[in-house]
2 protein chains.
Amino acid sequence: MITDLEKIKKYLQAVKIKPTYLRIRLLKYLLEKKNHPTGKMIYQALKKELPTISLTSIYNNLELFAKKGLVKILLLDPKEIRFDGEKGHHHFFCEKCQKIIDLPIDCNLIKKKKIFGHLIKDWDGYFFGICKDCQRDG
Amino acid sequence: MITDLEKIKKYLQAVKIKPTYLRIRLLKYLLEKKNHPTGKMIYQALKKELPTISLTSIYNNLELFAKKGLVKILLLDPKEIRFDGEKGHHHFFCEKCQKIIDLPIDCNLIKKKKIFGHLIKDWDGYFFGICKDCQRDG
DNA sequence: TCCAAATCTGTAATCATTACAAAATTATAA
DNA sequence: TTATAATTTTGTAATGATTACAGATTTGGA
Ligand SMILES: [Mn+2]
Ligand SMILES: [Mn+2]
Ligand SMILES: [Zn+2]
Ligand SMILES: [Zn+2]
């Protein structure tokens with residue numbers, strides 16, 4: 001678990017982002033929670049400790065983080081964008097309980113630098129179905 | 001090129017969808033065009049020949065088609081949903097020209113019925129970067 | 001401490017998607 | 001064919017996530 005604020009500050013500085021307190025707390029939230037939150041979910045969670053924050057700042061900084069490669073934007077849910085503080089894995093979306101589950105599994109395509117001549121910079125692997133728990137429950 | 005209306009009618013009936021004229025034309029559009037259109041793009045294209053259609057009907061029937069497995073919903077573009085009349089391939093999105101390109105390439109994960117115990121019903125593979133043409137052009 | 005630049009907030013606008021009721025179409029039976 | 005009920009389609013309004021923007025605040029350096 002990465003909680004040390006100084007360490008998070010360094011993550012931001014490493015990609016040339018000025019480490020304001022809001023940004024540190026936002027990145028801390030993304031690195032600690034594994035819940036693939038929406039912008040609003042992050043806003044509501046951080047609001048408890050930082051009552052003056054705005055949803056706009058959350059969105060703006062999430063976009064900044066994504067642009068700098070600090071977080072991953074997930075388009076898994078057609079209703080709203082979700083964010084992930086960890087990169088490099090596939091995702092599973094359960095049609096019963098709506099949970100998003102990490103799939104750290106090897107894939108022969110994601111190592112490729114080019115596919116059919118197209119330069120690959122990033123990738124998303126989404127899987128849909130019924131999760132292990134929901135299968136058991138009925 | 002699949003253009004025969006009778007053949008498209010049979011595709012609809014095969015999945016228990018009543019083959020109204022609008023639905024036949026909508027599926028015809030999706031099967032003929034390879035442009036991964038948005039709902040609005042389809043609406044504007046079909047409107048030229050069917051002036052009375054509504055955007056609501058396009059959306060409703062696209063959702064119906066997707067539910068019956070006739071078309072694929074692409075969550076590639078954060079701004080809007082795109083639709084694909086063909087299934088079973090990965091997609092590439094060029095950050096320069098915004099083109100969506102099919103990637104009919106083998107992947108060792110998509111054949112799996114289960115991953116970590118989760119039942120797989122469908123999957124999406126997205127790749128992002130710079131397409132072949134845009135690399136050459138600069 | 002003072003100042004300019006960057007960031008943040010609060011509110012309003014945007015716009016894809018959905019909800020809903022009325023009109024039109026379709027299928028079925030008399 | 002005609003009547004009737006069910007389904008589909010239309011037109012409009014509502015929803016809600018995301019974005020735009022201007023003013024307030026914070027930040028870092030002189
Ligand atoms: Mn994840
Ligand atoms: Mn395709
Ligand atoms: Zn589940
Ligand atoms: Zn391109």
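Just so it is clear: chains get the letters A, B, ... in the order the sequence lines come, proteins before strands, and each one is counted from 1.
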Please report, rounded to the nearest Å, how far the [atom2] atom of [N] is from the [atom1] atom of [X].
X: A/K9; N: D/dG28; atom1: NZ; atom2: C1'; value: 12 Å
X: B/K16; N: C/dA27; atom1: NZ; atom2: P; value: 16 Å
X: B/M41; N: C/dT17; atom1: CE; atom2: P; value: 12 Å
X: A/Q44; N: D/dA17; atom1: CD; atom2: C1'; value: 13 Å
X: B/L22; N: D/dT7; atom1: CG; atom2: C1'; value: 13 Å
X: B/L75; N: D/dA17; atom1: CG; atom2: P; value: 17 Å
X: A/I24; N: C/dC8; atom1: CD1; atom2: P; value: 10 Å
X: A/I17; N: D/dG28; atom1: CD1; atom2: P; value: 15 Å

Calculate, to the nearest 0.5 Å, the distance between atoms [atom1] and [atom2] belonging to [X] and [Y] respectively.
X: B/I100; Y: B/H36; atom1: CD1; atom2: NE2; value: 6.0 Å
X: A/L109; Y: A/I120; atom1: CG; atom2: CD1; value: 9.0 Å
X: B/K79; Y: A/L75; atom1: NZ; atom2: CG; value: 10.5 Å
X: B/L70; Y: B/K87; atom1: CG; atom2: NZ; value: 8.0 Å
X: B/H118; Y: A/F92; atom1: NE2; atom2: CZ; value: 6.0 Å

Next on the checklist: Quick check on DNA chain D: between B/R23 and B/Y43, whose nearest nucleotide comes earlier from the 5' end?
Outcome noted: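 Looking at DNA chain D, the more 5' nearest nucleotide goes with B/R23.
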
[X] side chain N/O closer than 4.0 Å to the phosphate oxygens (OP1, OP2) of [N]?
X: A/T20; N: C/dC8; value: yes
X: B/K40; N: C/dA16; value: yes
X: A/T52; N: C/dT9; value: yes

Please check if any side-chain donor atom of [X] sits under 3.5 Å from a side-chain acceptor atom of [Y], or the reverse.
X: A/Y11; Y: A/K7; value: no
X: B/D102; Y: B/H90; value: no
X: A/H91; Y: A/D84; value: yes

Checklist entry - What are the residues of residues 54-72 of chain B, sorted by number, that bring a heavy atom to within less than 4.0 Å of DNA chain D? => result B/S54, B/T56, B/S57, B/N61

Item to check | Interface residues of residues 77-84 of chain A with DNA chain D (non-hydrogen, below 4.0 angstrom) | outcome: A/K79, A/E80, A/I81

Item to check | Test of ring centre spacing under 6.0 Å for A/F65 and A/F83 | outcome: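 Ring centres of A/F83 and A/F65 not closer than 6.0 Å.
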
